[in-house]
Amino acid sequence: MQPSLSNPLRIGLRQERVIPPQCLIIFGASGDLTHRKLIPALFDLYLQRRLPSEFAIVGCARRPWSDNEFKEKISSKLFEKISDNKDEWRIFSNYLFYQPVDLQNLEQVKDLASRLSQIDKKQATHGNKTFYLSVSPNFYAGGCKALKESGLIEDPKKSRIVIEKPFGRDYSSARRLNKIVQSCADESQIFRIDHYLGKETVQNILVLRFANTIFEPIWNRNYISNIQITSSETVGVEDRAGYYESSGALRDMLQNHLTQMLAVTAMEPPGKFDPEAIRNEKAKVLQASKLANEIKPWECCVRGQYGKGGNISSPLNGYREEKGVNPNSTTETYIAAKVFIDNWRWQGVPFYLRTGKRLPKRLGEIVLTFKDVPVHLFESTIIDPSPNQLILRIQPNEGATFKFEVKSPGSGMRSRPVQMDFSYDESFGEPSDEGYVRLLADSMLGDPTLFTRSDEVEAAWKLYTPLIELMENSPWKLPTHKYESKTWGPPEADQLLAKDNIFWRRP
Ligand code: BG6
């Protein structure tokens, strides 16, 4: 039976590439990411008729489940999504298999190799394999070695490894990990995933900049006064304290998602739309980025940790009261940093990056604030006329807004700000795909454009090295300030910008 498509525009506007026969092997199949993001994304690809019929998904984890038990576990977790598409799910679940594997046990990885040969024959997947490491980062190096030793990634044309973030804990561990991974597989086989690059709106920054003539001439230090990049979440740490306690907002969000948004916003135009040309430009701009004050990093960064909040009917725990969190934890759940890019285009333009959990809104946006006009000829209806702003909304309500001044109606000559708006939803009649949909498809297609190359990952860690060293060696210089849950972070983060006479945008 053919899957139904809810919206005919999905076929009309989309131009999709065909994924070749494929076996996708997910390590960490009993984990959160698998049922929250990966399987739903694969099911979406199936509903969009983008999966080949010669296909298999092999879940791997230590639990001794059978194929059927795995299917049942996944179905129970995806109840809502499945109940709207029961028939399609029944067909899709024929692609699901399970093999108990401990990645640290070479014998078990070898057993997996023989199971994969059987599945390859049964599903006619032509020997094409994509291995997805959705396991603890401690197992990335050992996992790649085990795959190599069991001969599973021998053929660079037929096998790939997708590696989740965080890739390393700092610059030197990322370099070490790169060396190990590259000794097991060719760089062309390695797909370091950052799901923000899969978001339609992050990719749209490239199109907005390089498919229009009007933006590029003003996309530089001559016209732009500052850029703010925000990713805020309403949720707290949930049940991920085990991972988050040793990660914190710097390693969880700033070094990867926010820094990738910075790279796409600030990179030079590539010579052509080619994976390496794009990644060269991203790597170059990251290599030119530095903290605004590398000698005194505490002056250009603020850390915070959420405290209690909410109201009497729904009180919210503070971070230190969350399950699995050390009651004296100093892990940051909020971080703001000021970064400069030392190149011709951006010299002197501050980039302010912030991210936090338990903030008032779920939001991702990039705000380009333009310089003030040289002479104010007109009175403004507000005391301080607002400068032009281009706001790129990454999520939710994906789209863009341009703020500019117009004449206020009436006999005087007053100006007031108005906005012009573009919304993906309204223009295309469908919400954009989850980042994982695009990235899973790209990894199986072997297209590395939206994945981070080794030099990019290293440059992104290097950028934050002074902060990481400070947090490790003299943490008292960069304290984690408390902020009430559901507020916009600690007041110190406002002061970081106030010093430059700037305010965070309050969306
Ligand atoms: C993940 C982080 O990479 O991104 C999470 O580990 C965070 O802590 C998530 O919640 C945010 O992603 P999104 O797509 O919901 O903004």
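If you're wondering where the values come from, they're calculated on a predicted model, not measured in any experiment. Residues: numbered from 1 along the sequence shown.
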Enquirer: Just verifying a value: how many Å separate Glu365 CD and Arg393 CZ, rounded to the nearest 0.5 Å?
Expert: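 Here the rounded value is 9.0 Å.
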Enquirer: I'd like to know if Asp44 and Arg50 make a salt bridge, using a cut-off of under 4.0 Å between side-chain N and carboxylate O.
Expert: no
Enquirer: Report the C-alpha separation of Ser117 and Asp120 in whole Å, then their side-chain angles, then the decisive distance to 0.1 Å, and conclude whether the side chain to side chain donor-acceptor pair (under 3.5 Å) test is met.
Expert: CA-CA 5 Å; Ser117 312; Asp120 181 51; over 6 Å; no
Enquirer: Validate the cation-pi geometry between Arg358 and Tyr306: distance from NZ or CZ to the six-membered ring centre under 6.0 Å, angle to the ring axis within 45°.
Expert: yes
Enquirer: Are any side-chain N or O atoms of Ser329 and backbone N or O atoms of Val325, one a donor and one an acceptor, separated by less than 3.5 Å?
Expert: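 Absent.
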Enquirer: Ignoring hydrogens and angles, tell me if any N or O in the side chain of Asn204 forms a donor-acceptor pair with the backbone of Val207 under 3.5 Å.
Expert: no
Enquirer: Please confirm whether the backbone N or O of Gln189 pairs with a side-chain atom of Asp186, one donor and one acceptor, at under 3.5 Å?
Expert: no
Enquirer: Output the distance between atom OG (Ser232) and atom OH (Tyr334), rounded to the nearest 0.5 Å.
Expert: 9.5 Å
Enquirer: Could you tell me whether Arg192 and Glu164 make a salt bridge, using a distance below 4.0 angstrom between a side-chain N and a carboxylate O?
Expert: no
Enquirer: Between Glu456 and Lys282, is there a donor-acceptor pair closer than 3.5 Å when you use the side chain of the first and the backbone of the second?
Expert: no
Enquirer: Please round to the nearest 0.5 Å and tell me the distance separating atom OG of Ser289 and atom CD1 of Ile341.
Expert: 4.0 Å
Enquirer: Could you measure the distance from the CD1 atom of Ile39 to the CG atom of Leu440? Nearest 0.5 Å is fine.
Expert: 9.0 Å
Enquirer: Is it the case that the side chain of Lys71 and the backbone of Ser93 share a donor-acceptor pair, with hydrogens and angles ignored and the cut-off at 3.5 Å?
Expert: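 Flag set: sc Lys71 to bb Ser93 pair under 3.5 Å.
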Enquirer: Any non-hydrogen side-chain atom of Phe43 less than 4.5 Å from a side-chain atom of Tyr95?
Expert: no
Enquirer: Please determine whether a side-chain nitrogen of the Lys or Arg among Arg438 and Asp442 lies less than 4.0 Å from a carboxylate oxygen of the Asp or Glu.
Expert: yes
Enquirer: Quickly, which of Asp194, Thr452, Asp252 forms a side chain to side chain donor-acceptor pair (under 3.5 Å) with Lys165? Name it, please.
Expert: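 In the set Asp194, Thr452, Asp252, the residue that makes a side chain to side chain donor-acceptor pair (under 3.5 Å) with Lys165 is Asp252.
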Enquirer: In this structure, are over 12 heavy atoms from other groups packed under 6.0 Å from Glu154 atom CD?
Expert: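 No, the 6.0 Å shell around CD holds no more than 12 heavy atoms from other groups.
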Enquirer: Output the distance between atom CD1 (Ile229) and atom CG (Leu262), rounded to the nearest 0.5 Å.
Expert: 4.5 Å
Enquirer: Exactly one of Lys122, Lys73, Arg115 should register a salt bridge (Lys or Arg N to Asp or Glu O under 4.0 Å) with Asp67. Which one does?
Expert: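 So the option named by the test is Arg115.
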Enquirer: Using a strict threshold of under 4.0 Å (side-chain N to carboxylate O), is an ion pair present between Asp155 and Lys148?
Expert: no
Enquirer: Would you call Ser66 and Tyr98 a side-chain contact if the rule is heavy atoms closer than 4.5 Å?
Expert: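 No, too far: nothing below the 4.5 Å cut-off.
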Enquirer: Does some side-chain heavy atom of Leu445 sit less than 4.5 Å from a side-chain heavy atom of Val18?
Expert: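 No, their side chains stay 4.5 Å or more apart.
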Enquirer: Is the Lys NZ or Arg CZ of Lys199 less than 6.0 Å from the centre of Tyr196's six-membered ring, within 45° of the axis?
Expert: yes
Enquirer: Check whether any side-chain N or O of Trp461 sits under 3.5 Å from a backbone N or O of Phe167 as a donor-acceptor pair, and report yes or no.
Expert: yes
Enquirer: What are the two closest non-hydrogen atoms of Thr201 and Gly399, and how far apart are they?
Expert: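 Looking at all heavy atoms of both residues, the shortest contact is CG2-N, 3.9 Å.
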Enquirer: Less than 4.5 Å apart, side chain to side chain, heavy atoms only: is that true for Leu359 and Glu233?
Expert: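 Of all side-chain heavy-atom pairs linking Glu233 with Leu359, none is under 4.5 Å.
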Enquirer: To the nearest 0.5 Å, what is the distance between OH (Tyr436) and OG (Ser443)?
Expert: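 Reported value, rounded in 0.5 Å steps: 11.5 Å.
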Enquirer: Identify whether the distance between the nearest side-chain nitrogen and carboxylate oxygen of Arg345 and Glu268 falls below 4.0 Å.
Expert: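 Looking at Arg345 and Glu268, the cut-off is met.
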Enquirer: So does Ser30 get a backbone contact from the side chain of Thr34, meaning a donor-acceptor N/O pair under 3.5 Å?
Expert: no
Enquirer: Salt bridge or not between Asp455 and Arg279? Use side-chain N to carboxylate O under 4.0 Å.
Expert: no
Enquirer: Do Tyr464 and Lys290 have side chains that get closer than 4.5 Å, going by heavy atoms?
Expert: no
Enquirer: Heavy-atom distance under 4.5 Å between the side chains of Ile193 and Phe451, does that happen here?
Expert: yes
Enquirer: If you define the side chain from C-beta out and look only at heavy atoms, does anything of Cys23 sit under 4.5 Å from Ile57?
Expert: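 Contact flag for Cys23/Ile57 side chains = no.
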Enquirer: Taking the basic N atoms (NZ, or NE/NH1/NH2) and the acidic carboxylate oxygens, is any pair closer than 4.0 Å for Glu434 and Lys37?
Expert: yes
